[in-house]
Structures are given as structure tokens and as C-alpha cells.
Amino acid sequence: MSKHTEARIKTEAQIIRDSSGKPLYAVVPYNEYQALVEADAHVTVPHEVVGLMIEKGLSPMAAWRKYRGLSQVQMSEKLGVTQGAIAQAEKFGNKPHIETLRAWARALDCDVAQLTE
């Protein structure tokens, strides 16, 4: 096995699917799992963001956007998507792709874990 292949394997999860192809589990290298658990234990959310979530009934993504003082249009311009895409991503129960969460986290200067419900 080449070094390139070994490095790639260390950064990719193995996806276990059911008989219809729906993802059930992701298997990641143990050191990555430990890093994720440790990072999750240290996640905090500013009081103002929590307040927006509770008082206004906003999703974490919407609360962070408002906390940073951005409109949906401004956020769409930062991310290069439509305002409708922003509105869809901010809906409760939405399960955005990890790359979407990473883009939002960069735009909002926060961690991916802080954007999830």
C-alpha cells in the first residue's frame, strides 16, 4: 500500500449502509474518534446565541448568523449561494452536509459543533 493511500485512509470514514444503501454508521480511525469526543466536550456557545435560540426559536445556524449581525442575503453573498439556500439550511431538523457546516463555521467564525442542534 502506498503512503498516499495510507494517508487517505486515515482521513476518510468507512460508511456502513443498510440493504437499501442508506448510511447507518461511519467508522473512523480511533485517533480521529478521540479528537472528536475531546472537541465535543469543549464546545461552548455564547449566552447571546443561546438566548436567540430560546427567545426567538431560532436554529443554531440562524442564531449564529444573527449574532454576527448578518442578514440572510449577506450570508448568502458570503457563501456564494442563494438567500433561499440560507433559509433552507436554517430550518430546524435540517441535516446539512459537513462541507456546508464547515463553510458556515468559517463564515461565522465558530466551530462546526456550535452550529448543530
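Numbering starts at 1 and runs along the sequence shown. Keep in mind the model is a prediction, meaning the values are calculated, not measured.
Contact record, V28 with A13: CG1-CB, 3.7 Å, taken as the closest heavy-atom pair. Of all heavy-atom pairs between M53 and A63, the closest is CG-CB, 3.5 Å.
Side-chain contact between V49 and P60 is absent, with no heavy-atom pair separated by less than 4.5 Å. Side-chain contact between L108 and M75 is present, with heavy atoms from C-beta onward closer than 4.5 Å.
Qualifying side chain to side chain donor-acceptor pair (under 3.5 Å) partners for R102, counting only residues two or more places apart in sequence or in other chains: E99. For the side chain to side chain donor-acceptor pair (under 3.5 Å) test, no residue two or more places apart in sequence or in another chain qualifies with D109. Residues passing the side chain to side chain donor-acceptor pair (under 3.5 Å) test with S20 are D18, sequence neighbours excluded. For the side chain to side chain contact (heavy atoms under 4.5 Å, CB included) test, no residue two or more places apart in sequence or in another chain qualifies with K95. Every residue meeting the side chain to side chain contact (heavy atoms under 4.5 Å, CB included) condition with E48, not counting sequence neighbours, appears here in chain and number order: P46, Y67. For the side chain to side chain contact (heavy atoms under 4.5 Å, CB included) test, residues two or more places apart in sequence or in another chain that qualify with S59 are M61, A62, E90, F92. Checked against side chain to side chain donor-acceptor pair (under 3.5 Å), Q83 has the following partners two or more places apart in sequence or in another chain: Q72. Applying the side chain to side chain contact (heavy atoms under 4.5 Å, CB included) criterion to V50, with sequence neighbours excluded, gives V45, I54.
At distances below 3.5 Å, not a single donor-acceptor pair connects side-chain atoms of R17 with backbone N or O atoms of K22. E55 places no side-chain N or O within 3.5 Å of a backbone atom of L52 that could act as its donor or acceptor partner. Between the side chain of W64 and the main chain of Q114, a donor-acceptor pair closer than 3.5 Å is present.
The distance from atom CG of D111 to atom OG1 of T44, rounded to the nearest 0.5 Å, is 8.0 Å. Here the CD atom belonging to E77 is positioned 10.0 Å from the CD1 atom belonging to I86, to the nearest 0.5 angstrom. In this structure, the separation between NZ on K56 and CG on L58 is 8.0 Å, given to the nearest 0.5 Å. The line from OG of S71 to CZ of R65 is 7.0 Å long, rounded to the nearest 0.5 Å. Note: K91 NZ to N94 CG = 8.5 Å, rounded to the nearest 0.5 Å.
Applying the under-4.5 Å side-chain rule to Ile, Leu, Val, Met, Phe, Trp and Tyr, the cluster around I15 consists of that residue alone.
Listed by first then second residue, pairs satisfying ring-ring contact (aromatic ring centres under 6.0 Å, His included) with a partner in residues 15-37 read Y30-Y33, not counting sequence neighbours. Residue pairs meeting the ring-ring contact (aromatic ring centres under 6.0 Å, His included) criterion with at least one member in residues 98-117, sequence neighbours excluded, do not occur.
Two different hydrophobic clusters hold I98 and V27 under the rule that ILVMFWY side chains link at heavy-atom gaps under 4.5 Å.
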ask   = Would T82 and S76 satisfy side chain to side chain contact (heavy atoms under 4.5 Å, CB included), going step by step from the backbone distance to the final call?
value = CA-CA 5 Å; T82 65; S76 71; 5.8 Å; no
